[in-house]
Peer 1: 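Handing you this structure, nothing more for now.
All chains are named by letter (A, B, ...) in the order of the sequence lines, taking the proteins before the strands, and each is independently numbered beginning at 1.
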Protein chains: 2
Amino acid sequence: MWLRTSSREDRGGPPLSRQRIVEEAVALLDEEGADRLTMRRLAERLGTGSTTLYWHVKTKDDVLDLALDAIFAAVPIPEDQNWRAGVTRLIGDWRATLLRHPWSAALLGRPMLGPNVLARSDFLYAALIGAGVVEPHLTAAAFGLSNYVVGSALMQATWLLNADAETRDAARDHMDHQRDRYPALAAHGPLTATDGWDESFERGLGWLLDGVEATIG
Amino acid sequence: MWLRTSSREDRGGPPLSRQRIVEEAVALLDEEGADRLTMRRLAERLGTGSTTLYWHVKTKDDVLDLALDAIFAAVPIPEDQNWRAGVTRLIGDWRATLLRHPWSAALLGRPMLGPNVLARSDFLYAALIGAGVVEPHLTAAAFGLSNYVVGSALMQATWLLNADAETRDAARDHMDHQRDRYPALAAHGPLTATDGWDESFERGLGWLLDGVEATIG
DNA sequence: CGGTCACTCGAACAACGATCCGGTGGAGGG
DNA sequence: CCCTCCACCGGATCGTTGTTCGAGTGACCG
């Protein structure tokens with residue numbers, strides 16, 4: 001009786017819910033990365049048993065899908081009048097969010113059908129349609145912009161955030177020792193110029209938008 | 001004596017080697033996908049014990065890194081005189097190879113430092129330099145083209161190859177039931193127009209190359 | 001008061017990556 | 001011819017993972 005763990009107070013915080021699981025999952029992912037997310041570790045942080053999570057969530061993949069969609073709530077849906085300004089802002093914030101949660105890069109290869117992602121994709125299509133972009137340019141524009149931001153964030157997260165310092169140093173040495181085999185790469189490659197990611201990103205984005213804009217008329 | 005498994009013949013094929021492990025890993029990945037690659041399954045296909053693999057390879061991640069680099073041997077390094085034709089061909093073959101091995105999409109988030117990848121990246125830089133592209137456009141062009149092809153292959157592999165039919169159908173239904181919430185997306189989204197990936201890809205690539213070309217001179 | 005229902009969790013299972021350590025056979029020197 | 005060495009092999013095993021089973025527990029409703 002006196003030993004019984006009385007129900008609510010001694011577990012941390014409010015009762016368990018799908019939302020609280022996802023919030024804690026995002027926090028855990030932010031702090032320790034994708035491969036350290038375990039159902040047991042997640043449950044421990046929530047003050048519950050690991051198997052309890054399966055009442056609120058079907059599989060671990062569900063947790064990952066929910067966590068991935070959750071972070072996009074931080075991407076504001078622009079209200080610019082100018083279509084190009086709005087699209088630029090959306091894509092930029094999209095990228096910033098991906099880089100703020102580097103573990104997301106490893107999850108981009110799964111279907112993203114959460115409400116936050118869909119709402120922002122819908123805005124992208126609507127903005128392009130409003131600008132007067134018509135098929136077949138419309139699909140190409142939406143695909144191209146999405147793919148560009150996903151690829152950029154994936155590569156930058158891989159090299160600057162997920163890779164530890166020793167990996168980067170080893171890569172640099174690896175390149176130095178083969179300088180004659182990859183001359184152009186060694187002279188101008190991403191490992192020699194690790195700064196300027198932002199500037200390069202926006203330059204490429206500008207090229208894409210120039211191409212889209214040229215189809216209007 | 002007669003019971004002893006005489007050494008070479010009864011195991012399949014030539015003696016074990018790092019190369020043979022990688023070849024079999026690629027075959028296994030092609031047939032069953034990334035999450036079905038196990039050291040035990042791989043060893044079984046090679047006719048050896050699972051622990052033997054660790055003599056030739058340090059970890060499973062090494063196998064994945066080697067397999068990922070191996071498939072890029074199938075991407076020819078162009079010899080076109082026209083820089084734009086060469087770059088277009090390289091990027092197109094790069095994408096085709098990624099799509100021919102859909103499991104590669106899930107591995108793009110790791111450092112790619114294999115000889116095949118480096119040689120082709122070096123060609124890309126050399127071609128752009130030869131075309132007269134100078135900094136800061138050079139880095140932006142190389143990054144942009146790489147990121148674009150990676151993102152495109154990642155998204156297409158996610159939706160058309162890795163996702164099974166029921167996932168796609170469920171996604172379609174999911175969208176249909178929320179048609180009013182995402183009007184633009186439902187009308188023009190990727191799930192309604194699953195064809196035209198190739199055409200959209202080349203259109204976006206053209207926009208990028210137009211932007212790069214405009215910086216020359 | 002009795003029963004239903006949402007919710008919790010310890011124990012257990014199968015599968016995984018990886019390591020330990022005892023083999024085994026062929027090459028090469030005495 | 002024999003002995004030694006060493007590259008190479010693999011059974012047993014460890015710790016960890018995702019997930020399931022089934023037995024609980026308490027709040028609420030009639």
Peer 1: Kindly say if A:His56 contacts the phosphate of C:dA6, meaning a side-chain N or O under 4.0 Å from OP1 or OP2.
Peer 2: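 It does not, given that no N or O in the side chain of A:His56 lies less than 4.0 Å from OP1 or OP2 of C:dA6.
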
Peer 1: Provide, to the nearest angstrom, the distance between the CG atom belonging to B:Leu46 and the P atom belonging to D:dG10.
Peer 2: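 Taking CG of B:Leu46 and P of D:dG10, I get 11 Å after rounding.
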
Peer 1: Just say parallel, tilted or perpendicular for the rings of A:Trp197 and B:Phe143, cut-offs at 30° and 60°.
Peer 2: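 If you compare the ring of A:Trp197 with that of B:Phe143, the planes turn out tilted.
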
Peer 1: Pick out which of B:Leu90, B:Leu205, B:Ile91 makes a side chain to side chain contact (heavy atoms under 4.5 Å, CB included) with B:Val149.
Peer 2: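 It is B:Ile91, the one option of B:Leu90, B:Leu205, B:Ile91 that forms the side chain to side chain contact (heavy atoms under 4.5 Å, CB included) with B:Val149.
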
Peer 1: Quick check: A:Phe201 with A:Tyr148 (ring centres under 6.0 Å apart)?
Peer 2: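 Distance test on ring centres: under 6.0 Å, yes.
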
Peer 1: Measure from CG on B:Leu53 to C1' on D:dG11 and round the result to the nearest Å.
Peer 2: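 It is 14 Å, rounded to the nearest whole Å.
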
Peer 1: Sugar-phosphate atoms are those with a prime plus P, OP1 and OP2; base atoms are the rest. Using that split, label each nucleotide of nucleotides 12-23 of chain D B, S or - for protein heavy atoms under 4.0 Å, 5' to 3'.
Peer 2: B----BBBB---

Peer 1: Quick check on D:dC9: is either OP1 or OP2 less than 4.0 Å from any side-chain nitrogen or oxygen of B:Thr48?
Peer 2: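 No.
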
Peer 1: Rounded to whole angstrom units, what separation is found between the CZ atom of A:Arg18 and the P atom of C:dA6?
Peer 2: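 Answer to the nearest Å: 15 Å.
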
Peer 1: When you check the phosphate oxygens OP1 and OP2 of C:dC7, does a side-chain N or O of A:Trp55 lie under 4.0 Å from one of them?
Peer 2: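 Looking at the OP1 and OP2 atoms of C:dC7, one of them is under 4.0 Å from a side-chain N or O of A:Trp55.
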
Peer 1: Salt bridge or not between B:Glu31 and B:Arg36? Use side-chain N to carboxylate O under 4.0 Å.
Peer 2: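 Salt bridge flag = no for B:Arg36 with B:Glu31.
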
Peer 1: Decide if atom CD of A:Glu32 counts as having more than 12 heavy atoms of other residues, nucleotides or ligands within a radius under 6.0 Å.
Peer 2: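 Correct, the count exceeds 12.
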
Peer 1: Quick one, A:Glu135 with A:Thr139, criterion side-chain hydrogen bond (donor to acceptor under 3.5 Å, both in side chains). Give me CA distance, side-chain angles, the key distance, then yes/no.
Peer 2: CA-CA 6 Å; A:Glu135 297 290 2; A:Thr139 298; 2.8 Å; yes

